[in-house]
Each structure stands twice: as C-alpha cells, then as structure tokens.
Amino acid sequence: MTELTPALISALKLAKDGDLHPQPTNKWTHENATVTYAKNDRWKERPQKIKSVTPKSIEELSNSGLIERRNLDTDAAKDVYGITMAGKMWLLKNK
C-alpha cells in the first residue's frame with residue numbers, strides 16, 4: 001500500500017468531504033468554500049481558514065490512484081478531482 005505524508009493525508013480527507021475545484025490562487029479546495037467559524041466559538045470571532053491543497057499534492061494523489069479527474073475532456077489544471085474507492089479504503093484502513 002502507499003505511504004502518505006501528513007499533508008497528503010489531509011488532502012485526501014479534504015477530497016473525501018467533496019470534490020476539489022481549482023482556485024485562482026493556484027490551490028485546490030471545495031467549489032464554494034468560505035471562511036467558517038468554530039462550532040464551539042460562542043461569539044464567532046475566530047474564523048477558521050479555508051483548507052486547500054497544493055497542485056503537487058493533487059498530482060501525487062492522482063498518480064497513486066487515490067483521487068481521479070471527474071471530466072477527462074477538459075484541461076487537467078482546470079479539472080475537478082474527486083476521491084476514488086481506493087482512496088476511501090485507504091482512509092478506512094489508516095485512520
């Protein structure tokens with residue numbers, strides 16, 4: 001099985017939550033990602049930053065078969081990536 005770094009594991013978990021879309025900042029995150037607030041923060045004063053993934057992480061995960069492109073017709077740099085069944089199984093075994 002594939003050995004993943006902590007950054008790749010967090011990228012795979014982010015892909016599990018939903019498809020990863022390219023952003024203008026050369027990062028990948030969910031389609032309509034916005035700044036959220038901690039659930040236990042009573043006053044909603046501390047925003048949680050938007051989690052994102054680097055293109056290098058996307059490339060490494062797709063080469064290992066844990067995520068895949070959704071639309072093979074478009075350019076790979078602008079395509080949406082989603083988790084595969086192999087990625088879900090990896091997360092189940094290595095949580």
Side-chain angles (χ1 to χ4, degrees):
M1 206 67 197
T2 309
E3 209 43 54
L4 298 180
T5 64
L8 292 176
I9 293 171
S10 64
L12 191 58
K13 287 181 180 178
L14 188 64
K16 186 183 124 200
D17 293 338
D19 290 344
L20 300 175
H21 296 263
Q23 302 299 318
T25 59
N26 200 19
K27 300 264 184 179
W28 298 76
T29 189
H30 298 296
E31 185 173 19
N32 295 319
T34 58
V35 173
T36 59
Y37 295 92
K39 290 181 181 177
N40 59 358
D41 190 1
R42 203 166 121 195
W43 306 107
K44 296 190 177 200
E45 295 173 351
R46 291 169 284 185
Q48 295 177 331
K49 79 177 206 183
I50 298 171
K51 296 177 183 174
S52 61
V53 180
T54 62
K56 181 181 176 189
S57 298
I58 292 284
E59 182 182 334
E60 289 181 25
L61 288 173
S62 64
N63 287 342
S64 61
L66 299 176
I67 63 172
E68 66 183 358
R69 289 175 54 191
R70 295 290 187 211
N71 305 317
L72 298 177
D73 311 357
T74 61
D75 182 19
K78 298 177 183 174
D79 200 2
V80 177
Y81 284 84
I83 192 167
T84 61
M85 186 55 75
K88 291 178 184 177
M89 294 304 294
W90 192 95
L91 283 174
L92 282 174
K93 289 180 183 176
N94 299 301
K95 246 185 189 179

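Numbering of residues begins at 1 and proceeds along the displayed sequence.
Between Asp79 and Arg70 no salt bridge is recorded (no basic side-chain N to carboxylate O distance below 4.0 Å).
Distance CH2/Trp90 to CD1/Ile83: 10.0 Å, rounded to 0.5 Å. Once rounded to the nearest 0.5 Å, the distance linking CG of Leu12 with CG of Asp17 reads 10.0 Å. In this structure, CG on Asn94 lies 10.5 Å from CE on Met89, to the nearest 0.5 angstrom. Considering OH of Tyr81 and CD1 of Ile58, their distance stands at 7.0 Å, rounded to 0.5 Å. Interatomic distance, NE2 of His21 versus OG1 of Thr29, reported as 9.5 Å (0.5 Å rounding). Interatomic distance, CG of Leu8 versus OG of Ser64, reported as 7.5 Å (0.5 Å rounding).
Crowding of Asn63 atom CG: a count of heavy atoms from other residues, nucleotides or ligands under 6.0 Å exceeding 12.
Between Ala15 and Leu20, the shortest heavy-atom distance links the atoms CB-CD1, 3.9 Å. Closest approach of Gly65 and Ala86 over heavy atoms only: O-CB, 3.9 Å. Of all non-hydrogen atoms in Gln23 and His30, the two that sit nearest each other are NE2-O, 3.5 Å.
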Evaluate Leu91 against Lys13 for side-chain contact (heavy atoms from CB on, under 4.5 Å), listing each step before the verdict.
CA-CA 8 Å; Leu91 283 174; Lys13 287 181 180 178; 3.8 Å; yes

Worked verdict on Thr54 versus Lys27 for side-chain contact (heavy atoms from CB on, under 4.5 Å):
CA-CA 5 Å; Thr54 62; Lys27 300 264 184 179; 3.8 Å; yes

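Here the rule is side chain to side chain contact (heavy atoms under 4.5 Å, CB included) with Val53, and of Leu61, Ile67, Leu14 only Leu14 fits it.
Linking ILVMFWY side-chain heavy atoms closer than 4.5 Å, directly or via other members, places Ile9 and Leu66 in a single hydrophobic cluster.
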